[in-house]
Amino acid sequence: MERHQISVVRTPLNSVVVQRRSKSKSYRQSYRSCLGAASRLGFTPALTAQRLNTSRRAPKSHDITEKVNPEQLALLMKTDWQLSYVTPLYQFRHTQLKSYSRQLSAFIAAQKQQGLAVEVDGFQSSFRVSFSVVQGMVETDDDAETVFIQIHSKPLFARQDEPQKSVWRGWLTCINGNPDYIRSLLKDFICLPLFGSSGPEGFTTLVKSWFQQTFDCCFGPLEISDTSLQWLVALWTNCHMESSIKHLKMIWTLPVVPPMQVTYTVNAQDAWELWSSVRKDRQEDDEGGEEMKDESMVDIEEVRRFTQRLKSHFYRHFRLDLSAGSLNQVSTALGSAKCNGRIKISNSKYMITTLTLLTECALLKMPI
């Protein structure tokens, strides 16, 4: 187990060095508007002009436990997380996590005195916060290490020696973040754009409020678009031969009155064969052209063809055109995702692929 503790905790510095400005005039102001955020961080055309990537590497089975402690990894697995995006954190340091634990604990206690703290049924009203680093959850030198946060409390009738239990969890991460954007940030800003939370909404609100006050950042809801869900359908199906997806379940909403919800479940092998035929057709098309397609890459055209063939198959059987609606949810044995920003990762071997897509979504949602 000791081998998992080798990696060095790091807060990457950006390559662009700028002269530090007055805190009172710039950095310590709150991000209360898109314009305010843009005025301090500067516009980043390389990012703001970008759309969701039109191609990405096909996922391969990856034993992440080779570099991430399995006990820490287990905390991220098989939990429903509500996603948000987070603008860059000002003067956040991975070496100060013990101090942040004390500060957030004190903040919650102060809110409790004002009657604003959250009460959790069956638990005491005193809470302890812990910050930790999920070492190894990075893919590039520009990625900052993932930070995991827990709020603990004791059951009301617990024995004195009984340990506290986690009543809320959250994490901030950046996996394969856009390097042009990260390097364009001022040197005191750290990019951890993807935030996941699980537990009482009141705690989520308190944690976000503390981060906003302490690190001059802002949070916003991160919905998962129809296109991003289609990407997950294709990428997860692509994993079937290495790790069985067991089923492909999609939920579509059709714009009728009242709205109609359609649950569409496809046998895993059928989904794989359909996806394989799309990949084969694409390769044959490319052979007739001037450029050969990299077989390790998946592009948006393949994703669209796969989705369209799934819709056509459904139409042949039920005479219902899903093209008129939108994809709201997708689930396989590897995980599940909903358009409202809820995600569950059930297989760590493809966690990096999923978090890379979600990191990209978070960066593109930022008001800068």
With clusters defined by side-chain heavy atoms of hydrophobic residues (ILVMFWY) lying less than 4.5 Å apart, directly or transitively, does [Y] cluster with [X]?
X    : Y    : result
L364 : I300 : yes
L232 : M77  : yes
I251 : L320 : no
V129 : W210 : yes
L235 : L52  : yes

*For W236, which residues count as a ring-ring contact (aromatic ring centres under 6.0 Å, His included) partner, sequence neighbours excluded?*
none
_By ring-ring contact (aromatic ring centres under 6.0 Å, His included) - contacts of F219 (at least two apart)_ = F195
For [X] and [Y], work out which heavy atoms get closest and say how close.
X    : Y    : value
A337 : I224 : CB-CD1, 4.0 Å
C217 : L89  : SG-CD2, 3.5 Å
Y264 : L310 : OH-O, 2.8 Å
A144 : V138 : O-CG1, 3.7 Å
N178 : L363 : N-CD1, 3.5 Å
T87  : C218 : OG1-N, 2.8 Å

Check the orientation of [X] and [Y]. Use parallel for under 30°, tilted for 30 to 60°, and perpendicular for over 60°.
X    : Y    : result
F314 : F318 : tilted
F189 : Y90  : tilted
F211 : F131 : tilted

_Residues E360, R56: salt bridge by 4.0 Å N-O rule_ = yes
*Is the shortest side-chain N to carboxylate O distance from K208 to E201 below 4.0 Å?*
no
_Flag, side chain of S184 to backbone of Y181, donor-acceptor distance under 3.5 Å_ = yes
*Counting only N and O atoms by type, is there a donor-acceptor contact under 3.5 Å from the side chain of T79 to the main-chain atoms of L76?*
no
*asked:* Can a side-chain donor-acceptor contact be found between R57 and S296 if the only test is distance below 3.5 angstrom?
replied: yes
*asked:* Under a plain distance cut-off of 3.5 Å, with no hydrogens placed, do S336 and S331 share a side-chain donor-acceptor pair?
replied: no
*Taking the six-membered ring of F306, is the NZ or CZ of R304 close enough (under 6.0 Å from the centre) and on axis enough (within 45°)?*
no
_Walk me through whether S101 and R128 qualify under side chain to side chain contact (heavy atoms under 4.5 Å, CB included)._
CA-CA 8 Å; S101 298; R128 177 179 62 85; over 6 Å; no
*Test side chain to side chain contact (heavy atoms under 4.5 Å, CB included) applied to H313 and D270, step by step*: CA-CA 11 Å; H313 179 78; D270 292 342; over 6 Å; no
*Pair F215 + Y100: ring centers closer than 6.0 Å*: yes
*Carefully, step by step, assess V134 and T173 under the rule side chain to side chain contact (heavy atoms under 4.5 Å, CB included).*
CA-CA 9 Å; V134 184; T173 195; over 6 Å; no
*Test log, rule side chain to side chain contact (heavy atoms under 4.5 Å, CB included), inputs K249 and Q329*: CA-CA 8 Å; K249 180 180 178 181; Q329 182 177 340; 5.7 Å; no
